[in-house]
Number of protein chains: 2
Amino acid sequence: MQDKINDILKKNHLSITEARKKILALFWESGNAMAHGDIEQKSSEEFDRVTIYRTLQTFVEKGIIHTIPTADNSVRYALCKDECGAGHHHDDHVHFICDDCGTTYCIDEVNVPKVKLPKGFKAAQTDLVISGTCNKCEQ
Amino acid sequence: MQDKINDILKKNHLSITEARKKILALFWESGNAMAHGDIEQKSSEEFDRVTIYRTLQTFVEKGIIHTIPTADNSVRYALCKDECGAGHHHDDHVHFICDDCGTTYCIDEVNVPKVKLPKGFKAAQTDLVISGTCNKCEQ
DNA sequence: AATATTTTGCAACAAAGTTGCATTGTTGTA
DNA sequence: TACAACAATGCAACTTTGTTGCAAAATATT
């Protein structure tokens, strides 16, 4: 996995640093989306808060991760599909946020339907955000 | 309009106060979604920041307004359809956020398609968030 | 290995949101 | 309408979240 991570960083002309390797690895291990706070905790204060902010920002700019809209104000990040292995890039995402445990899932099986917008509106990105109860939290 | 506003507040067992009347009126006048900051500006610092936070929170709890997920971390609020006059309540929303001017539109003409989720996932709310260029910002 | 470039951590700051409590405003009742 | 009960507001202090500039450290380039 370390090789894969190095590849991604090289491909994006980024220096290979401890912080970037660790944070990328965290995304892989978790599988789900993570908020800044999650990363801060999971890296057990190994890196400065500022470094994490800047790393996430860099990753978003390079298209390695993407932000997920949430109704509360917590920004969450997840690996872009490109980097998930599927190998095709697109800007449409379906995400499921569990109201119980807060976990954010990327739902890849579902396609975002094309929406016909009123005249003059041009879509650049479409996010379908579904909240409810996940399969771990249902009784 | 003042009557309508009073009705809504009464119906929800809320005291009729200046702050609530003014903030509800702002939502009507604007037509679009508003962030906390917008409200603070538009009420020209008539009310304490804390009052605005608490009022918005109360309105959300009572189902008078709802939050809109956004990819940046700005929480936005909009009137629920119930209170918009359409008279039917549902938890599915289509919103358009302009990357240029930042305006958030509630797109009512479009229906959120029902999405089939993996086993064990139960949807409570579905938000379709589209970002791009609005009809005022296109050249 | 030495230099150029990039990244990091620190400090200081700005913005956003929260909490407790005394004061004020609103409501229901006599 | 006046009074008591209750709810909402404003203030102050605080926490959390995110940003910026700059020197020190790590990484890349030759």
Side-chain angles (χ1 to χ4, degrees), chain A residues 2-3 5-26 33-62 64-77 102 104, chain B residues 2-3 5-26 33-62 64-77 102 104:
Chain A
Q2 207 46 254
D3 290 348
I5 288 178
N6 289 0
D7 280 356
I8 292 176
L9 292 174
K10 267 186 201 154
K11 197 168 61 186
N12 287 288
H13 310 289
L14 294 174
S15 302
I16 295 169
T17 69
E18 287 310 310
R20 285 172 181 165
K21 281 192 288 184
K22 179 74 182 243
I23 291 174
L24 255 188
L26 278 177
M34 293 193 295
H36 171 95
D38 299 327
I39 295 162
E40 208 167 347
Q41 286 180 351
K42 290 195 181 178
S43 64
S44 52
E45 288 129 18
E46 199 176 335
F47 311 108
D48 195 84
R49 256 160 28 85
V50 180
T51 302
I52 298 175
Y53 278 116
R54 288 198 267 228
T55 303
L56 291 172
Q57 197 177 302
T58 304
F59 285 176
V60 170
E61 278 162 14
K62 295 292 186 180
I64 298 169
I65 60 176
H66 64 270
T67 57
I68 299 176
T70 57
D72 60 342
N73 64 330
S74 71
V75 201
R76 288 166 205 229
Y77 302 88
T104 303
Chain B
Q2 207 46 254
D3 290 349
I5 287 177
N6 289 0
D7 280 357
I8 292 175
L9 292 175
K10 268 187 201 156
K11 197 168 62 187
N12 287 287
H13 310 289
L14 294 173
S15 301
I16 295 168
T17 69
E18 287 309 308
R20 287 174 180 165
K21 283 192 286 185
K22 179 72 183 245
I23 290 174
L24 256 188
L26 279 176
M34 293 193 296
H36 171 96
D38 299 326
I39 296 161
E40 210 168 348
Q41 285 180 351
K42 289 196 183 176
S43 64
S44 53
E45 287 130 20
E46 198 176 335
F47 310 108
D48 195 82
R49 252 161 31 85
V50 180
T51 302
I52 298 175
Y53 278 116
R54 288 198 266 228
T55 303
L56 291 172
Q57 197 177 302
T58 305
F59 285 176
V60 170
E61 278 163 13
K62 294 292 185 179
I64 298 169
I65 60 176
H66 64 271
T67 57
I68 299 176
T70 56
D72 61 342
N73 65 330
S74 70
V75 201
R76 287 165 207 230
Y77 302 89
T104 303

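From a predicted model like this one, the values you see are computed outputs, not experimental measurements. In the text below, chain A, chain B and the rest are named by the order of the sequence lines, each starting its count at 1.
Over its length, the helix from C/dA1-D/dT30 to C/dA30-D/dT1 turns its helix axis by 40°, as judged from the five terminal pairs at each end, rounded to 10°.
The CD-C1' distance, from A/Glu40 to C/dG9, rounds to 14 Å in whole Å. Atom-to-atom, NZ of A/Lys62 to C1' of C/dT7 comes out at 14 Å; the value is rounded to the nearest Å. In this entry the distance linking NZ of A/Lys10 with P of C/dT6 reads 18 Å, nearest Å. When rounded to the nearest whole Å, the span between CD1 of A/Ile52 and P of C/dT8 equals 11 Å.
The side chain to side chain donor-acceptor pair (under 3.5 Å) test applied to A/Ser74 returns A/Asp72, A/Arg76, not counting sequence neighbours. Every residue meeting the ring-ring contact (aromatic ring centres under 6.0 Å, His included) condition with B/His66, not counting sequence neighbours, appears here in chain and number order: B/His93, B/His95. Under the rule for a side chain to side chain contact (heavy atoms under 4.5 Å, CB included), A/Asp7 has no partner lying at least two apart in sequence or in another chain. Partners of B/Arg54 by side chain to side chain contact (heavy atoms under 4.5 Å, CB included), not counting sequence neighbours, listed by chain and number: B/Val50.
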Check residues 19-26 of chain A and write down every donor-acceptor pair under 3.5 Å in which the side-chain atom is one partner and the other belongs to a residue at least two apart or another chain.
| from | atom 1 | to | atom 2 | distance (Å) |
| --- | --- | --- | --- | --- |
| A/Arg20 | NH1 | A/Ser15 | O | 3.0 |
| A/Lys21 | NZ | A/Glu18 | OE2 | 3.4 |
| A/Lys22 | NZ | A/Glu46 | OE1 | 3.2 |

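Residues A/Thr70 and A/Val75 have side chains not in contact (no heavy-atom distance under 4.5 Å, counting atoms from C-beta outward). Side-chain contact between B/Thr55 and B/Phe47 is absent, with no heavy-atom pair separated by less than 4.5 Å. Between A/Leu9 and A/Thr17, every side-chain heavy-atom pair lies at or beyond the 4.5 Å cut-off.
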In 5'-to-3' order, the base (B), backbone-only (S) or no-contact (-) status of each nucleotide in nucleotides 15-25 of chain C, using a 4.0 angstrom heavy-atom cut-off, is -SBBBB-----
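A 4.0 Å heavy-atom criterion places the boundary nucleotides of DNA chain D facing chain B at D/dA7 to D/dG18, written 5' to 3'.
Rounded to the nearest 0.5 angstrom, B/Leu56 CG and B/His36 NE2 are separated by 7.5 Å.
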Is there a side chain to side chain contact (heavy atoms under 4.5 Å, CB included) between A/Tyr77 and A/Val60? Walk through the geometry before answering.
CA-CA 9 Å; A/Tyr77 302 88; A/Val60 170; 3.8 Å; yes
